[in-house]
Protein chains: 2
Amino acid sequence: MLSEEYSRFIESWGSLGVFWGINRSMARIHAFLMLSEQPVDLDTISDTLNISRGNASMSLKELRSWGAIQRVHASGDRRDFYIVEQDAWRMLFKIAKGRKEREFNPALYALRDLMSEADTEQQAQVNARLTQMEEILSTVHAVMNKALESEKSSKRMFDILKNFV
Amino acid sequence: MLSEEYSRFIESWGSLGVFWGINRSMARIHAFLMLSEQPVDLDTISDTLNISRGNASMSLKELRSWGAIQRVHASGDRRDFYIVEQDAWRMLFKIAKGRKEREFNPALYALRDLMSEADTEQQAQVNARLTQMEEILSTVHAVMNKALESEKSSKRMFDILKNFV
DNA sequence: ATTATGTTTCAATTATTCCTGAAAGGATTG
DNA sequence: CAATCCTTTCAGGAATAATTGAAACATAAT
């Protein structure tokens, strides 16, 4: 049984997960594993969080594919156990990277194509707007690429922002 | 009828909208208005984008509540017309602000509560993990607050990042 | 006051996403 | 190699979210 604080954290981690575009179950499982000193098996997860085994299994699989968690084995035990990836950064970046490519990039590329294809008598205001938008998105694009390029690079960016604040 | 480039931009803007947590219709309408030199009325929107009037009306209302678009009137015309907010920043920030408060903040607060309530014999590894996560989220929190504090502040941050890249 | 024109609301429908549970699949043990 | 234990898959069901369309509402013109 989980304490109230544990539950609350797990649930709000779930909501934050939705913000990142991962579903609630996955995020809750991830939160639970963050709070577990010992490796945890599938049954414990599904019982504690009230998630079906099927769902838990799929969620664990996907979390694993993102490098968010690892599967480990206890000797003399047939079950699989799971632990979180020790480095919290890694997961955040993996997720961010995927979403950026799937959703951000296409919009930027479409915008650029639009601007290059546009006939020259494109109306002035529209042009100005698109130009401004393109500038913003391009910078965001560059920043994200840099941030997602290497752990070192991202940490440096993080520090710069930290100092700015 | 829209050109192919226009359509493509509108559709991918729709996907990007989903990334931000606004629904496809709203994002498409917003894109369409960005591409219109002239103020546009509800019928044109609903016909051009194949969106029902009801949906268009609701979407326009919500876009307006976010300051993403404005309603204007043409003299001698009964209809309402819509134009995009001239400053692209404003909308992005409004949206970011809302989502941050609804989804990010609760997770951070829950994490902090968890850490303060935790019994002292909390296990070392878990503690280390939570501490690391709290540091990251706190910094993100501070950065976002700063960015959302004022237009000037956000532009400064934007420039800093631009230079870093 | 009535009609004509345009907008908004909202219950019902449709689409999408998420989750379940049972069956199939693997691996280990006796 | 059969039995046991655990995991994975996936079709169907449940829950959510988005969208429609028709009715109610509002306003201006006649």
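Reminder, nothing fancy here: chain letters follow the sequence lines and each chain counts from 1.
Taking the charged nitrogens against the carboxylate oxygens, A:Arg53 and A:Asp43 do have a contact shorter than 4.0 Å, which makes a salt bridge. The residues B:Glu101 and B:Lys97 are annotated as not salt-bridged, no charged nitrogen and carboxylate oxygen being separated by less than 4.0 angstrom.
The ring pair (Phe, Tyr, Trp, His ring centres under 6.0 Å) search around A:Phe158 returns A:Trp89, not counting sequence neighbours. Under the rule for a side-chain hydrogen bond (donor to acceptor under 3.5 Å, both in side chains), B:Arg64 has no partner lying at least two apart in sequence or in another chain.
Atom CZ in A:Arg53 sits roughly 19 Å away from atom P in C:dG26 (whole-Å rounding). Going from atom CD1 of B:Ile45 over to atom P of C:dT8 covers 11 Å, rounded to whole Å. Taking atom CG of A:Asp43 as the reference point, atom P of D:dT8 lies 12 Å away to the nearest angstrom. A:Asn23 places its CG atom 18 Å from the P atom of C:dT16, with the value rounded to the nearest Å. Look at CG on B:Asp47: it is 14 Å from C1' on D:dG21, rounded to the nearest Å. Between the CG atom of B:Asp77 and the C1' atom of C:dG6 there is a distance of 10 Å, given to the nearest Å. As rounded to whole Å, 10 Å separates atom P of C:dC18 from atom CE of A:Met26. Between B:Ile51 atom CD1 and D:dT19 atom P there is a gap of 7 Å when expressed in whole angstrom units.
Within 3.5 Å, a donor on the side chain of A:Arg78 pairs with an acceptor on the base of D:dT4, or the reverse. Under 3.5 Å, the side chain of A:Arg79 and the base of D:dC6 form no donor-acceptor pair of N or O atoms.
The side chain of A:Asp80 lies closest to D:dT7 when the candidates are C:dT7, D:dT20, D:dT7.
A side chain to side chain donor-acceptor pair (under 3.5 Å) check over residues 156-165 of chain A, counting only residues at least two apart or in different chains, returns nothing. Sorted by first then second residue, the side chain to side chain donor-acceptor pair (under 3.5 Å) pairs that include residues 21-32 of chain A, not counting sequence neighbours, are A:Glu11-A:Arg28, A:Trp13-A:His30, A:Ser15-A:Arg24, A:Ser25-A:Asn55.
Put simply, the side chain of A:Arg99 gets close to the backbone of A:Trp20: a donor and an acceptor are under 3.5 Å apart.
Counting any heavy atom pair closer than 4.0 Å across all strands shown, B:Asn50 reaches sugar-phosphate atoms only and no base atom. Counting non-hydrogen atoms under 4.0 angstrom, A:Asp41 reaches nothing in the nucleic acid.
Within the 4.0 Å cut-off from OP1 or OP2 of C:dC19, at least one side-chain nitrogen or oxygen of A:Ser25 is found.
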Item to check | Test log, rule side-chain hydrogen bond (donor to acceptor under 3.5 Å, both in side chains), inputs B:Thr44 and B:Asp41 | outcome: CA-CA 6 Å; B:Thr44 304; B:Asp41 67 287; 2.6 Å; yes
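A:Arg112 and A:Ser138 get closest at one heavy-atom pair: NH2-OG, 2.8 Å.
Summary for the helix from C:dA1-D:dT30 to C:dG30-D:dC1: the axes at its two ends, each from 5 pairs, differ by 0° when rounded to the nearest 10 degrees.
Remark: A:Ser57, A:Met58, A:Lys61, A:Arg71 in residues 55-75 of chain A come within less than 4.0 Å of DNA chain D through at least one heavy atom.
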